[in-house]
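What follows is a set of notes on a single structure, which appears directly below.
Below, chain A is the first sequence line, B the second, and so on; all start at residue 1. None of these values were measured; they are calculated from a predicted model.
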Amino acid sequence: MLQLSVLREQTDLVVAGLTKRNYKNAAEEVAALLDLDQRRRQVQSEHDELQARSNSISKEIGILMKNGEREKAESYKAQTSDLKQQAKTLSDQLGALEEELQQALYKLPNIPHESVPQGRSAEDNEVVLQHGDIPTLHDGAQPHWELIQKYDIIDFDLGNKITGAGFPVYKKQGARLQRALINFFLDEAMKAGYTEIQPPILVNEVSGYGTGQLPDKDGQMYHATADNYYLIPTAEVPITNLYRDEIIPAEQLPIKNTGHTPCFRREAGSWGADVRGLNRLHQFDKVEVVQITLPEKSYETLEEMSSYIQGLLQKLELPYRVLRLCGGDMGFTSALTYDMEVYSAAQGRWLEVSSASNFETYQANRLKLRYKNENGKTQLLHTLNGSALALPRIVAAILENNQTPEGINMPKVLHPYLGFEKIG
RNA sequence: AGAGAGUUGGCGGAGUGGUCGAACGCGGCGGUCUUGAAAACCGUUGACUGUAACAGGUCCGGGGGUUCGAAUCCCUCACUCUCUGCCA
């Protein structure tokens, strides 16, 4: 959520930023919002003034009662009934204005960083770099959805039977590959200084608002209505919300956490031609890295995260490229996002396997996540996160890129985790 | 799931209708003392909003009510703890 003070003081910047996201009627909406805020403050100060008068009369009555001046006290009481009536009207107005303002603020996405390219869709994303050779496969090479059947390692039919589409069952070497990747990713994160967290995978509504999934992505999360809990779409939600309503001592920064969780996404309305096999699932595993930093350090940290994630892809010997997302393709809450894509040889396309973002103060403002600066002033921190990494598409790429007529070779780094070197 | 108890500032913990944003203790910060440190002593120490700065306003789990006035009384919801039940 954007800060009102930023909207007030840097209005032009905000409008320009929203426009970069192709946000419709940015100038009008911001103006309307500022007007609303102006009205809110007006009503607020009128209300406060009445309140102040009423408070002082009440105090006076208290003193009179104590001194036994009953009659005088009674006459004061009569005075306040009118004040009370007015205050009630104003406080109702105030409540309505605040609610309206809050809803309007929820609807505004984050302001993109200046380096974010203009653009409408994925085609306008900027390729920052590309790494590794694109493999040439043997004749008869297959996409992963055929390979998993051939080697009987991931079973969509069984998942469909016990749950539904998009919930695969991992078996045999497929299951071990999952476990190996999770352990490898967690071990690497710990080596890089991240602290491992195992959070709950259901969160309450407040947490959903804290990181911005609600109200924006309501309907994309599975909702356990009996208890009003949400199944997390990413470990970002619980791990970042750990710090909701906190003022972090500056010496504890930066906070670097990692966690493995299953992730659940309804993906309502997004099924189409490109989502076969492991490309898009309702449930998948992911190791996430989350950092909370001082505002002045956050972009440095984003670069650090990006190169950490690239290091993982290099160790897995996967060809990849890094994209800087354009204004139209960025997530709602992000100020700058790098997407990492691996090349899936048999599908002949790039698959997004990671997304690393700096949210600046957007999440922190909702979370009330702050620190005290040198002057003792309370200020919002910056939050960042990145996938490191999401499993399914990594598995797809490993299977497709490393296939041979004799089986599928596993990346060397995984051998100790797997206990085998080849599938098949 | 049933019965009971509870939810107060960074922590512990008072406070049952009036000057309470809240005693006291701990912790933190500043100082005195000390070669330095500890101890002791003195002072200080919540958040949000608002203002040019003051002032003012709000916050004692959330919401609602009673009252001139609520941390304190009433209703309601959530959560925590204890016992019973069930259970990986």
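Residue pairs meeting the salt bridge (Lys or Arg N to Asp or Glu O under 4.0 Å) criterion with at least one partner in residues 42-57 of chain A, sequence neighbours excluded, do not occur; the list is empty. Each ring pair (Phe, Tyr, Trp, His ring centres under 6.0 Å) pair with one or both residues in residues 231-253 of chain A, not counting sequence neighbours, would appear here, but there are none. Sorted by first and then second residue, the pairs that involve residues 181-192 of chain A and meet salt bridge (Lys or Arg N to Asp or Glu O under 4.0 Å), not counting sequence neighbours, are A/Glu188-A/Lys191, A/Glu188-A/Lys315. Sorted by first and then second residue, the salt bridge (Lys or Arg N to Asp or Glu O under 4.0 Å) pairs involving residues 84-93 of chain A (not counting sequence neighbours) are A/Lys88-A/Asp92. Among pairs with a residue in residues 200-209 of chain A, those fulfilling side chain to side chain donor-acceptor pair (under 3.5 Å) read A/Asn204-A/Ser207, A/Glu205-A/Asn228, A/Ser207-A/Arg244, at least two apart in sequence or across chains.
Atom CG in A/Asn204 sits about 13 Å away from atom C1' in B/rG62, given to the nearest Å. Distance, A/Glu98 CD to B/rG57 P: 17 Å, rounded to whole Å. Put simply, CG on A/Asp227 is 10 Å from P on B/rA78, counting in whole angstrom units. B/rU67 atom P lies 12 Å from atom CD of A/Gln85, rounded to whole Å.
Judged purely by atom type and a 3.5 angstrom limit, A/Arg40 has no side-chain atom pairing as donor or acceptor with the backbone of A/Glu98. In this structure a side-chain-to-backbone donor-acceptor pair under 3.5 Å is present from A/Arg393 to A/Asn279.
With sequence neighbours excluded, the residues forming a side chain to side chain contact (heavy atoms under 4.5 Å, CB included) with A/Lys372 are A/Ile247, A/Thr378, listed by chain and number. Listed by chain and number, the residues in a ring pair (Phe, Tyr, Trp, His ring centres under 6.0 Å) with A/Tyr371 amount to none (sequence neighbours excluded).
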Distances under 3.5 Å only, N/O to N/O: pair up the protein atoms with those of nucleotides 45-50 of chain B.
residue, atom, partner, partner atom, Å
B/rA47, OP1, A/Lys372, NZ, 2.6
B/rA47, O3', A/Arg370, NH1, 3.2
B/rC48, OP1, A/Arg370, NH1, 3.2

Distances under 3.5 Å only, N/O to N/O: pair up the protein atoms with those of nucleotides 26-31 of chain B.
none

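A side-chain donor from one of A/Glu236 and A/Gln363 sits under 3.5 Å from a side-chain acceptor of the other.
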Which pairs would a plain distance check flag for residues 299-307 of chain A, meaning a side-chain donor or acceptor within less than 3.5 Å of a matching protein atom at least two apart in sequence or in another chain?
residue, atom, partner, partner atom, Å
A/Tyr299, OH, A/Glu360, OE2, 2.4
A/Thr301, OG1, A/Lys297, O, 2.9
A/Glu303, OE2, A/Tyr338, OH, 2.7
A/Glu304, OE2, A/Lys256, NZ, 3.3
A/Glu304, OE2, A/Gln291, NE2, 3.1
A/Ser306, OG, A/Gln310, NE2, 3.0
A/Ser307, OG, A/Glu303, O, 3.2
A/Ser307, OG, A/Glu304, O, 3.2

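Listed by residue number, A/Gln51, A/Ala52, A/Asn55, A/Ser58, A/Ile61, A/Gly62, A/Ile63 are the residues of residues 51-63 of chain A with a heavy-atom contact under 4.0 Å to RNA chain B.
Rounded to whole Å, the separation between the C1' atoms of B/rG9 and B/rA23 comes to 13 Å. Taking the P atoms as reference points, B/rC29 lies 35 Å from B/rU82, given to the whole Å. Comparing the P positions of B/rG30 and B/rA38 gives an interatomic distance of 11 Å, to the nearest angstrom.
Annotated stems with RNA chain B as a participant read B:1-7 with B:78-84, B:10-12 with B:24-26, B:27-32 with B:40-45, B:46-49 with B:56-59, B:61-65 with B:73-77, given as range with range, by first number; only runs of 3 or more Watson-Crick or G-U pairs under 3.5 Å qualify.
Scanning all heavy atoms of the two residues, the minimum distance from A/Ala73 to A/Met65 falls at CB-SD, 3.7 Å.
Residue whose closest nucleotide on RNA chain B sits further toward the 5' end, between A/Glu49 and A/Lys77: A/Glu49.
A salt bridge links A/Asp37 to A/Arg41: one of the charged nitrogens lies within less than 4.0 Å of a carboxylate oxygen.
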